[in-house]
Each structure stands twice: as C-alpha cells, then as structure tokens.
Amino acid sequence: MGFRSDEPDMLEASELGDLYRELLKQHPIVLLEDPSGQVDWSAFTEFNKNCAVELVGDDLLATNIDRVKTAEEKKACNSMLLKINQIGTITEAIAAGNEAFSAGWSVFVSHRSGETTDDFIADLTVGMRTGHLKSGAPARGERVAK
Ligand SMILES: O=C(O)[C@@H](CO)OP(=O)(O)O
C-alpha cells in the first residue's frame, strides 16, 4: 500500500478486503479492528459476509448504542471495543456492551492512549464477563496495573 513511497498505492475497499483475506490465510490473525474507515459501513458489511475472525468495531461504534444498533442492522461487524470514555458514562458504555452481547457479538473492554494506573477497566472486564481486555503489552505502569 505504498507506506514507504511518496505515491500511496490507493486500494478500493474490495481490494483492501482481498488483501486482508490473503493476510488471514498466511498468518494466525484472530481479529481485525476497524479494518475499514469509521463511516465506511458498506465496506464493513461486505467484509463481514465472509469473515472467519472477530471483526471488531472501535471507531465504527465509538461505544455508542445507536451505532451498535446500526451495525447490527447492517451486519457490519461481530465484535465491539468498549471504551468507557468514548461515550462518556459507565452506564452508557455498559448499555452499548450489552446491546452488542444481545446481538451475539463479543466485547473487548479497552484502555485508551494516555492511560493512568487506574485499574477499573479490569474490574469492568470481569463484571461484564467480556473475556477480552485490551490494555497493551505488559510494559509501563498504566498497562501492568490492569
Ligand atoms: O488504538 C486503540 O484502541 C487505543 C489504544 O490502544 O487508542 P485510542 O486511545 O485512540 O482509543
């Protein structure tokens, strides 16, 4: 995709989907997070038609229950990243996560860039039984604390 060149090698959404599928064949990839643009609903929906891994909506969903419901209707993903400060309150974040669960999706509680050593999201992971916590590699206090 031309990362190293001045002329980016632009791909259509379908071509990018084909590239992802090739990478999934070659490597033990277990999930894709936001593989398409955060408003490219049709690209998510198209890729999700034939996706054997967790297709996680982060910026697509923004821990917003209304966007989760839209993604359900559009069959745009099968997993949600839950970030408590994306939607603003714990109540709304839990509601969005429960909506995702009701759709049969998986849910990942996630840290943010610029975290503190507060470990509440680890408790939320256990409390919501998400089974997944995204808190980065075990390096630096704000990650190890979780
Ligand atoms: O990439 C992400 O999901 C997080 C941290 O890993 O970044 P951000 O702070 O932009 O949500």
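Note that this is a predicted model, so its numbers are computed, not measured. Atoms within a ligand are numbered from 1 in the order they appear, just like the ligands themselves. Each residue takes its place number in the sequence, starting with 1.
Residues T117 and D119 bring no donor and acceptor atom of their side chains to less than 3.5 Å of each other. Between the side chains of H132 and E54, at least one donor N or O sits under 3.5 Å from an acceptor N or O.
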Anything under 3.5 Å between a donor and an acceptor, one on a side chain of residues 69-78, the other on a protein residue two or more places apart or in another chain? List them.
residue : atom : partner : partner atom : Å
T70     : OG1  : D66     : O            : 3.0
N78     : OD1  : L55     : N            : 2.7
N78     : ND2  : V53     : O            : 3.2

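Between E99 and the options I65, N64, V107, L61, a side-chain contact (heavy atoms from CB on, under 4.5 Å) holds for only I65.
Salt bridge present: E33 and K134 bring a charged side-chain N and a carboxylate O closer than 4.0 Å.
Between the side chain of D58 and the backbone N or O of L81, no donor-acceptor pair lies under 3.5 Å.
The contact shell of ligand 1, taken as protein residues with any non-hydrogen atom closer than 4.0 angstrom, comprises E33, D58, L81, K83, H111, R112, S113, K134.
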